[in-house]
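Here the structure comes first, spelled out in structure tokens, and everything after it is commentary.
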Amino acid sequence: MTDLVRSAGLSYYPDVARSVGLDPKQMMRKARLPLVCLDKPDTPIAVAGLRRLLELSAAASGAEDFGLRLAERGGLTNFGAVGLIVREQATVGEAIEAFSRFIHIHHDGMRLDVTRSKQTVTITLHLRGRRPTAPRQAIDMALGSIDRIIQSLFGHDWRPQEVHLHYPPPKDRKRYREFYGCRVTFNAEDDAILLSAHDMERRIPSAHPLIAAYLRKRIEAIESRPASWEGKVDEVVRTLLATGDCTVERVAEHLACTRRTIHRHLATSGTSFSAILDAQRADLVIQLIDDPGRPLADIAVQLGFSAQSAMARWFRGRFGCTITDWRKGVRPPAPPADAPSATAA
């Protein structure tokens with residue numbers, strides 16, 4: 001199954017890539033990632049594509065610390081709704097627990113285990129992937145981001161007690177010590193940040209309990225991310241239709257696979273790409289035609305129809321009336337429950 005992540009993590013990628021002599025668009029193409037995700041932070045992209053981009057960028061630039069450089073530039077804003085709810089918690093401990101609880105909404109394949117002893121709290125990072133362990137740059141970006149998030153809650157004077165990394169030491173260990181400000185152990189059993197148990201009690205001055213409660217309810221409502229191929233394709237189609245660039249090839253690009261892979265998995269689930277696209281078009285077209293000032297030709301282009309007339313025929317078959325009638329409020333009665341749908345007919 002393809003894990004997805006919000007493209008907000010790449011918000012600073014162009015700046016970091018240029019700083020080490022890379023052309024960000026060229027590297028995105030090499031990694032087979034859609035360029036649109038640089039401008040739209042809520043775009044779902046394949047975790048495998050993100051990891052490939054980081055590894056290619058580190059190798060092409062010679063910057064062993066490429067993942068750390070991205071983490072250094074990011075922060076809570078890169079995590080969308082998850083970052084907001086973390087920021088509004090009363091204490092650092094509650095913020096870390098909230099981050100661990102909801103991180104999967106931002107990143108399908110990322111999990112945090114928070115374990116406590118009397119004196120120490122260990123935050124262990126788990127990144128799911130096809131390899132036994134995730135690539136080095138992905139670990140640096142993720143663990144480095146966690147470090148910077150905790151630091152932002154404390155203020156810049158905070159440092160962890162220790163950092164553990166499972167991979168062998170880099171050529172420049174000093175860079176890692178400077179980034180984390182503590183002892184960094186390589187060839188460790190896990191990828192983890194250790195902090196004082198006392199740190200968890202630190203209060204966050206900017207926290208607002210009412211906002212935190214409101215955000216928690218909202219985020220719990222969207223907590224379940226799609227786990228099936230059908231659900232993931234549906235999520236990407238919904239996002240791409242809003243941009244006016246939705247084809248099976250484009251969806252395959254976001255999922256880091258081929259169109260044949262999509263068709264095969266959807267057939268196994270008893271559906272098809274056309275059926276998913278049709279359903280999402282039906283949801284979106286109603287919102288778009290409710291705006292009388294929006295030209296129908298523009299709507300047809302956004303929904304991927306070859307011409308306005310093609311959209312008009314599809315609409316009549318789908319809804320049983322013309323777009324003009326729909327805008328006037330003249331709509332056919334709902335068919336009986338056992339009647340075949342217009343699409344099926």
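Each residue takes its place number in the sequence, starting with 1.
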If you draw a 6.0 Å radius around [atom1] in [X], do more than 12 non-hydrogen atoms from other residues or ligands fall strictly inside?
| X | atom1 | result |
| --- | --- | --- |
| Y12 | OH | no |
| R159 | CZ | yes |
| Q119 | CD | no |

Indicate whether any N or O donor in one side chain lies under 3.5 Å from an N or O acceptor in the other, for D190 and H164. no
[atom2] on [Y] to [atom1] on [X], rounded to 0.5 Å:
| X | Y | atom1 | atom2 | answer |
| --- | --- | --- | --- | --- |
| I123 | F99 | CD1 | CZ | 9.0 Å |
| N78 | R73 | CG | CZ | 10.5 Å |
| H104 | L112 | NE2 | CG | 12.0 Å |
| I45 | R32 | CD1 | CZ | 13.0 Å |
| F66 | D140 | CZ | CG | 11.5 Å |
| Q287 | R294 | CD | CZ | 9.5 Å |

Quick check: does any side chain N or O of [X] sit under 3.5 Å from a backbone N or O of [Y], one acting as donor and the other as acceptor?
| X | Y | answer |
| --- | --- | --- |
| S100 | I96 | no |
| S196 | H198 | yes |
| Q161 | L194 | no |
| S7 | T43 | yes |
| R52 | A31 | yes |
| E253 | E249 | no |
| Q137 | G67 | yes |
| R69 | Y13 | no |

Honestly curious: do W158 and V114 fall in one hydrophobic cluster under the side-chain, below-4.5 Å linking rule?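 W158 clusters together with V114.
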Grouping I, L, V, M, F, W and Y whenever their side-chain heavy atoms are under 4.5 Å apart, do M28 and V36 come out in a common cluster?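 No, M28 does not connect to V36 through the hydrophobic network.
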Under 4.5 Å between any side-chain heavy atoms of [X] and [Y], yes or no?
| X | Y | answer |
| --- | --- | --- |
| H265 | V233 | no |
| M27 | L33 | no |
| D65 | E178 | no |

Scan the side chains in residues 297-309 for donor-acceptor partners under 3.5 Å anywhere in the protein, sequence neighbours excluded, and list what turns up.
| unit_1 | atom_1 | unit_2 | atom_2 | d |
| --- | --- | --- | --- | --- |
| Q302 | NE2 | L241 | O | 3.2 |
| Q302 | NE2 | A242 | O | 3.4 |
| Q308 | OE1 | A297 | N | 3.4 |

Pair F79, I103 - check side chain to side chain contact (heavy atoms under 4.5 Å, CB included), show working. CA-CA 8 Å; F79 292 86; I103 185 56; 3.8 Å; yes
With a 4.0 Å cut-off, would you call K232 and D108 a salt bridge? yes
